[in-house]
Amino acid sequence: MPLRVPHRLFTALATGGGGAEALRLLARAEHSRRLACALAVAETAGEAGGAVADAAGRSWELLAAAHRADPRAVAAVLAQPSAGTALMGLLARLDRVVEGGAGAACAPPVHWFGALAAAAAVRAGVPGRVRWPLATDLVFLPSLGGARFPGARPGDLAEVVVDVAGAARAGVAGRYPVPGPVEVPRSPSGPSGRWRAAHRLVVADTGAPLLLDDADPLRFPGVPGRPLGLAADDLRWWRATAREACRLLRAHHPQTYAELAAGPRTLVPVGRPGSFSGSSAEAFGAMALSRPRSGRGLALSMTHEMQHGKFAAVLHLFDLFEPGDEERYYAPWRPDPRPLLGLFHGAYAHLGVADFWNRRRAVEQDPVERALAQAQFARWRTGAREATEVLLSSGRLTALGQHFAQTMLSTLDGLCRLPVPAEARRRSLALAAEHRAEWVRRNGVPQAQLI
């Protein structure tokens with residue numbers, strides 16, 4: 001069925017919102033994108049030929065068999081954020097091999113494609129035996145978890161056996177003294193014996209889980225592939241903080257909570273100082289975060305990264321701007337010059353940030369915290385509006401992009417008309433001026449004119 005985005009939902013997304021309906025639609029679009037990408041991997045590997053073509057072909061047939069048995073099982077695997085990064089990364093590497101005429105000898109291994117297909121077969125209960133070459137001593141099934149098999153070497157065969165009752169066991173074929181196979185849990189959550197999987201932090205009213213993933217080797221671009229193995233105290237902190245963040249969002253930010261609860265969401269812990277958070281265009285549903293200091297801090301980070309995730313998914317569906325010269329622009333939230341794509345992403349994310357602080361200033365009871373919320377609201381509504389005006393004057397937006405950015409601007413105009421205390425305005429202006437001065441000192445004035 002063709003995927004259609006109603007005009008009202010497109011416009012709702014452009015206001016910074018969209019709600020659960022928009023998030024479910026974007027999730028369906030990302031599923032279609034990943035399914036198409038899986039087929040493209042199989043076809044491109046076929047063009048490369050050799051063992052890579054055979055392995056990718058077998059994986060595609062297994063994925064198709066799982067889809068015939070239970071389409072929801074395949075959807076659950078492809079919804080795993082690492083499925084997007086793995087498939088797109090593999091496809092890009094295969095494309096380079098085929099375009100360069102290098103052939104199968106230079107083609108990358110497709111073991112992660114085999115693991116995706118095996119996970120789908122396990123979830124769908126498709127009886128059989130699946131094997132794929134290992135890259136390390138970890139046998140991992142995306143969306144289900146994995147186990148280490150000390151003594152296994154790259155090139156050894158991971159083996160997953162699904163019996164007629166649907167029970168599955170994972171191990172390493174014919175390798176001794178490697179430990180024996182382990183049972184694959186049907187509903188994994190955290191450690192279970194030798195098995196490791198994402199931790200379930202909170203389950204939303206809709207039944208959608210908020211997960212903390214320190215196990216998936218491809219859980220987020222740039223993080224170490226080896227599982228972190230969070231300490232018990234760290235895990236308790238994440239659980240308590242996530243519960244508080246979701247309680248806060250449910251009580252005071254209902255639209256953001258509805259978007260968060262529209263489907264599974266994955267938090268990826270990273271060992272970076274400060275309040276770091278990040279998103280990836282191909283890892284829809286995942287957010288990388290340093291350890292949150294508070295429930296409110298986590299709620300703000302999730303709000304911010306949800307905005308980036310929505311915008312990346314919109315860009316997978318629509319061309320909002322034309323390619324062109326890579327001018328660099330001032331962004332009030334970054335120390336470095338940004339291309340138009342980065343400026344658009346940041347303006348949209350900070351529209352959500354401004355709305356978050358607008359709601360916080362209405363509910364904070366502590367005078368100091370309320371004053372902070374007032375100043376943060378004043379700063380980011382202005383910063384996002386200035387960046388959106390630059391977007392609209394860039395000359396590179398398509399008609400859809402103009403509509404999207406103009407809707408953003410109208411929404412921000414409404415926020416800018418709301419009264420704030422004089423001290424909050426003064427504080428926000430001082431912070432903005434300090435940031436701009438430091439930015440110019442560091443980078444100079446770019447060719448793209450500063451506003």
Side-chain angles (χ1 to χ4, degrees), residues 13-18 245 248-249 252-253 255-256 259-260 274-279 287 289 292-294 296-311 329-338 340-364 368-392 404-439 450-451:
L13 282 163
T15 67
L248 182 152
L249 290 174
H252 304 300
H253 308 262
Q255 180 170 256
T256 302
E259 293 176 355
L260 185 73
S275 300
F276 170 81
S277 68
S279 300
M287 317 170 202
L289 303 163
R293 297 173 180 171
S294 65
R296 188 187 68 183
L298 179 56
L300 174 60
S301 292
M302 291 194 297
T303 299
H304 184 163
E305 300 308 332
M306 285 276 292
Q307 292 294 101
H308 280 301
K310 287 190 295 183
F311 192 69
Y329 299 89
Y330 170 73
W333 45 83
R334 292 280 301 208
D336 55 334
R338 303 299 289 158
L340 190 72
L341 170 62
L343 189 69
F344 215 154
H345 250 291
Y348 186 72
H350 281 82
L351 167 57
V353 168
D355 184 67
F356 177 89
W357 286 115
N358 183 37
R359 293 174 182 274
R360 293 315 305 157
R361 69 196 187 115
V363 299
E364 292 288 358
V368 174
E369 295 299 327
R370 187 163 57 251
L372 171 66
Q374 295 278 14
Q376 291 293 308
F377 169 61
R379 183 180 183 192
W380 297 125
R381 68 178 182 177
T382 302
R385 190 187 184 284
E386 289 177 350
T388 303
E389 285 189 311
V390 172
L391 293 170
L392 286 163
F404 198 95
Q406 188 60 57
T407 303
M408 287 172 57
L409 186 64
S410 297
T411 305
L412 287 160
D413 281 343
L415 293 178
C416 287
R417 285 192 289 269
L418 298 177
V420 295
E423 174 58 24
R425 286 199 305 274
R426 186 203 64 76
R427 186 176 176 186
S428 71
L429 289 171
L431 288 171
E434 180 182 349
H435 182 277
R436 186 186 291 270
E438 173 59 22
W439 191 95
L450 288 172
I451 58 173

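All residue numbers refer to positions in the sequence shown, counting from 1. Remember, it's a predicted structure, so these values are computed and weren't measured experimentally.
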Exercise. Would you please test Y330 and V390 for side chain to side chain contact (heavy atoms under 4.5 Å, CB included) and show each step?
Key: CA-CA 9 Å; Y330 170 73; V390 172; over 6 Å; no
Exercise. List the steps, then state whether side chain to side chain contact (heavy atoms under 4.5 Å, CB included) holds for T388 with L351.
Key: CA-CA 10 Å; T388 303; L351 167 57; over 6 Å; no
Quiz item: So, for R338 and A331, which heavy atoms are closest and what is the spacing to 0.1 Å?
Solution: CG-CB, 3.8 Å
Quiz item: How are the rings of H350 and W333 set to each other: parallel, tilted or perpendicular (split at 30° and 60°)?
Solution: parallel
Self-check item: Sub-4.5 Å side-chain heavy-atom contact between T303 and V353
Solution: no
Self-check item: H435 (side chain) donor-acceptor with R334 (main chain) under 3.5 angstrom
Solution: yes
Exercise. State, with a plain yes or no, whether a side-chain heavy atom of M408 is found less than 4.5 Å away from one of T15.
Key: no
Self-check item: Option from R360, R361, R296 for which salt bridge (Lys or Arg N to Asp or Glu O under 4.0 Å) with E369 holds
Solution: R296
Practice problem: Could you please spell out the steps behind the side chain to side chain contact (heavy atoms under 4.5 Å, CB included) verdict for V420 and R381? | Solution: CA-CA 11 Å; V420 295; R381 68 178 182 177; 3.5 Å; yes
Exercise. Determine the minimum heavy-atom distance between A424 and A375, stating which atoms define it.
Key: CB-N, 3.8 Å
Self-check item: Salt bridge R359-D355, side-chain N to carboxylate O under 4.0 Å
Solution: yes
Quiz item: Is the H304-Y348 ring centre distance short of 6.0 angstrom?
Solution: no
Quiz item: Quick one: are F276 and L289 in side-chain contact, heavy atoms under 4.5 Å?
Solution: no
Quiz item: salt bridge (Lys or Arg N to Asp or Glu O under 4.0 Å) between E423 and R427: does it pass, once the steps are laid out?
Solution: CA-CA 6 Å; E423 174 58 24; R427 186 176 176 186; over 6 Å; no
Quiz prompt | E305 vs K310, salt bridge (Lys or Arg N to Asp or Glu O under 4.0 Å): CA-CA, chis, key distance, verdict | solution = CA-CA 9 Å; E305 300 308 332; K310 287 190 295 183; over 6 Å; no
Self-check item: Closest heavy-atom pair and its distance - A349, H308
Solution: CB-NE2, 3.4 Å
Quiz item: Going by heavy atoms in the side chains, are R385 and C416 under 4.5 Å from each other?
Solution: yes
Exercise. For side chain to side chain contact (heavy atoms under 4.5 Å, CB included), just list the numbers for R293 and S275, CA-CA rounded to whole Å, side-chain angles, deciding distance to a tenth of an Å, and then say yes or no.
Key: CA-CA 8 Å; R293 297 173 180 171; S275 300; 4.1 Å; yes
Quiz item: Could you give the distance from CH2 (W357) to CD (Q374), rounded to the nearest 0.5 Å?
Solution: 11.0 Å
Quiz item: Measuring from L431:CG to T382:OG1, what's the distance to the nearest 0.5 Å?
Solution: 11.5 Å
Quiz item: How far does CD of E389 sit from CD of Q406, to the nearest 0.5 angstrom?
Solution: 9.5 Å
Practice problem: To the nearest 0.5 Å, tell me how far L418 CG sits from N358 CG. | Solution: 5.5 Å
Exercise. Could you tell me whether the side chain of R417 reaches within less than 4.5 Å of the side chain of L415, counting heavy atoms only?
Key: no
Practice problem: Output the distance between atom CZ (F404) and atom CZ (F344), rounded to the nearest 0.5 Å. | Solution: 6.0 Å
